[in-house]
Amino acid sequence: MKLTIVIPAYNEEQAVASIIERTAAARETILAQSPVEDVDVIVVSDGSTDRTAEIAARYDDVRVIVFERNRGYGAAIKRGFEESSGELVGFLDADGTCDPNFFATLCTALLEENASVAIGSRMGPQSRMPAVRRIGNRIYALILSALSNKVVTDTASGMRVIRRDVLPQLYPLPDGLHFTPAMSARVLMDDRLTIVERPMPYEERIGESKLHVLRDGMRFFRTIFEMSLMWRPAKLFLSAAMFCLAAMTLLAAHPIEMWLTVGRLQEDMIYRLLFCSLLGTFGMTLLSAGVVCEQLHRLWGSRPRPSTFSAASLDRLYSFA
């Protein structure tokens with residue numbers, strides 16, 4: 001069994017030599033501590049304007065792919081996967097934050113648990129992730145876990161191992177930095193795919209970060225939402241509808257009680273009931289949208305429908321209607 005490690009690099013001249021040397025040195029550990037029998041390394045220079053590609057080309061035991069222009073983090077990884085030959089494909093960031101020796105743990109976990117994807121979680125006790133990013137990752141993990149009914153702790157880890165034969169099921173995936181949360185969401189939303197996590201050591205990066213907390217954070221959130229809407233529309237629509245109907249019930253309780261006991265309503269309560277009627281209408285509209293999405297999902301023959309409580313509830317509603 002062969003592992004191909006892809007290292008995407010964009011203007012990482014300060015760190016690329018170190019990560020290549022550490023990855024080469026980790027070969028012995030990976031071979032000794034996992035079922036992997038061979039390891040090769042591919043570095044993809046993603047339109048770097050510094051000396052990243054030049055430095056990487058100095059190493060004879062590493063294959064270097066050079067993009068003339070910047071195509072994106074995900075595009076670099078996917079190109080590395082295309083050029084790889086291993087039954088297992090993995091990647092890690094070029095910024096020195098991840099320990100290449102940890103591939104031994106990920107490969108072992110992937111094969112022992114017969115998982116589709118193994119993730120090195122940066123949320124463990126040995127992580128030195130900045131506090132802002134740690135909080136953001138926990139929020140994304142909670143949202144994705146709630147939408148998928150599966151537990152995940154790190155949605156955007158930059159160190160993973162994937163079985164080559166599941167790549168067609170994972171694609172399409174985006175070209176940008178949101179490649180990793182999109183992959184996590186894709187695996188968690190599909191009942192055919194499984195994910196395993198292991199806490200890994202995580203260090204401060206070398207050089208300047210390419211991640212913009214607010215801009216990329218919103219992009220990560222949008223990616224999770226879009227994947228949920230594509231693969232678990234019932235849960236998303238049913239949750240929103242239940243929220244609207246619950247809010248309608250709470251707001252309408254007092255005016256209804258007054259009408260039943262006194263026989264009249266104050267003027268402001270009339271407007272309150274009008275607002276409640278809007279909430280109820282919106283909630284029923286969301287339920288209807290969920291039913292339509294579920295039926296469209298069913299007609300999409302190439303994709304299996306997840307057997308979730310939300311989907312079953314909308315099925316019963318659709319049958320009753």
Side-chain angles (χ1 to χ4, degrees), residues 1-10 12 15-46 48 52-53 55-67 71-111 115-122 154 156-167 170-171 173 177 179-180 183-184 187 195-198 200-203 205-206:
M1 180 167 289
K2 183 177 182 179
L3 168 68
T4 298
I5 300 173
V6 178
I7 304 176
Y10 173 58
E12 295 286 358
V16 69
S18 174
I19 196 63
I20 290 175
E21 292 169 6
R22 290 169 61 197
T23 303
R27 280 192 175 106
E28 184 176 344
T29 299
I30 297 170
L31 297 178
Q33 298 181 11
S34 77
V36 172
E37 299 169 338
D38 190 17
V39 178
D40 65 347
V41 181
I42 297 176
V43 175
V44 182
S45 175
D46 182 23
S48 298
T52 296
I55 294 171
R58 297 174 183 171
Y59 297 88
D60 296 332
D61 55 347
V62 172
R63 181 177 179 184
V64 180
I65 299 172
V66 179
F67 289 172
R71 300 185 191 176
Y73 178 76
I77 294 173
K78 288 186 288 186
R79 176 60 184 277
F81 287 173
E82 290 173 9
E83 300 294 331
S84 66
S85 58
E87 294 89 345
L88 304 180
V89 290
F91 63 90
L92 81 165
D93 294 338
D95 55 14
T97 54
C98 303
D99 182 1
N101 288 292
F102 199 73
F103 276 118
T105 301
L106 292 180
C107 291
T108 301
L110 182 81
L111 298 172
S116 306
V117 178
I119 295 180
S121 174
R122 302 166 296 172
D154 190 355
S157 172
M159 185 173 186
R160 307 182 179 211
V161 175
I162 306 105
R163 292 181 184 269
R164 168 177 290 280
D165 56 8
V166 306
L167 288 178
L170 291 175
Y171 290 158
L173 290 172
L177 281 172
F179 173 86
T180 47
M183 177 188 288
S184 299
V187 175
I195 196 167
V196 60
E197 285 187 301
R198 292 291 184 268
M200 70 173 184
Y202 185 79
E203 301 296 332
R205 67 158 289 134
I206 299 172

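When a residue number appears, it is its place in the shown sequence, counting from 1.
- Closest of all the heavy-atom pairs between L31 and D38 is CD2-N, 3.5 Å.
- At distances below 3.5 Å, at least one donor-acceptor pair connects side-chain atoms of R163 with backbone N or O atoms of A115.
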- Item | side-chain contact (heavy atoms from CB on, under 4.5 Å) between F103 and T23, worked out | CA-CA 10 Å; F103 276 118; T23 303; 5.5 Å; no
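- Contact detail for I55 and A17: the closest heavy-atom pair is CG2-CB, 3.8 Å.
- In terms of modelled atom types and a separation under 3.5 Å, the side chain of T4 and the main chain of I42 share no donor-acceptor contact.
- Looking at heavy atoms from C-beta onward, K78 lies out of side-chain contact with V6 at the 4.5 angstrom threshold.
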- Message: One pair to check against side-chain contact (heavy atoms from CB on, under 4.5 Å): F91 and F81. What are the steps and the verdict?
- Response: CA-CA 9 Å; F91 63 90; F81 287 173; 3.7 Å; yes
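- The backbone N or O of V89 lies less than 3.5 Å from no partner atom in the side chain of R164, so there is not a single donor-acceptor pair.
- The shortest non-hydrogen separation linking P35 to T108 is CD-OG1, 3.8 Å.
- A distance of 7.5 Å separates OG1 of T180 from CD1 of I77, quoted to the nearest 0.5 Å.
- Remark: the backbone N or O of E12 is paired with a side-chain donor or acceptor of T52 at under 3.5 angstrom.
- Between E83 and R79 a salt bridge is recorded (basic side-chain N to carboxylate O distance below 4.0 Å).
- Residues S184 and R160 bring a donor and an acceptor atom of their side chains to less than 3.5 Å of each other.
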- Message: side-chain contact (heavy atoms from CB on, under 4.5 Å), that's the test. Do I5 and I30 meet it? Break it down for me.
- Response: CA-CA 11 Å; I5 300 173; I30 297 170; 4.2 Å; yes
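- Across L106, I162, V161, a single residue satisfies side chain to side chain contact (heavy atoms under 4.5 Å, CB included) together with V117, and that is I162.
- Contact check on K2 versus D40 returns a salt bridge, with a Lys/Arg side-chain nitrogen under 4.0 Å from an Asp/Glu carboxylate oxygen.
- The backbone N or O of D95 sits nowhere less than 3.5 Å from a side-chain atom of D93 that would complete a donor-acceptor pair.
- Scanning all heavy atoms of the two residues, the minimum distance from P201 to F102 falls at CD-CD1, 4.2 Å.
- The closest side-chain heavy-atom distance from Y73 to D46 is not below 4.5 Å.
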- Task: Tell me, with the steps shown, if M159 and Y202 meet side-chain contact (heavy atoms from CB on, under 4.5 Å).
- Result: CA-CA 10 Å; M159 185 173 186; Y202 185 79; over 6 Å; no
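- When side chains are defined from C-beta on, V41 does not count as touching I20, because their heavy atoms never get closer than 4.5 Å.
- D154 is linked by a salt bridge (charged side-chain N to carboxylate O under 4.0 Å, His left out) to R122, counting only residues two or more places apart in sequence or in another chain.
- The side chain to side chain donor-acceptor pair (under 3.5 Å) check on E87 picks up nothing, with sequence neighbours excluded.
- When side chains are defined from C-beta on, M200 counts as touching S157, because their heavy atoms get closer than 4.5 Å.
- Taking each heavy atom of V64 and A53 in turn, the nearest pair found is CG1-O, 4.5 Å.
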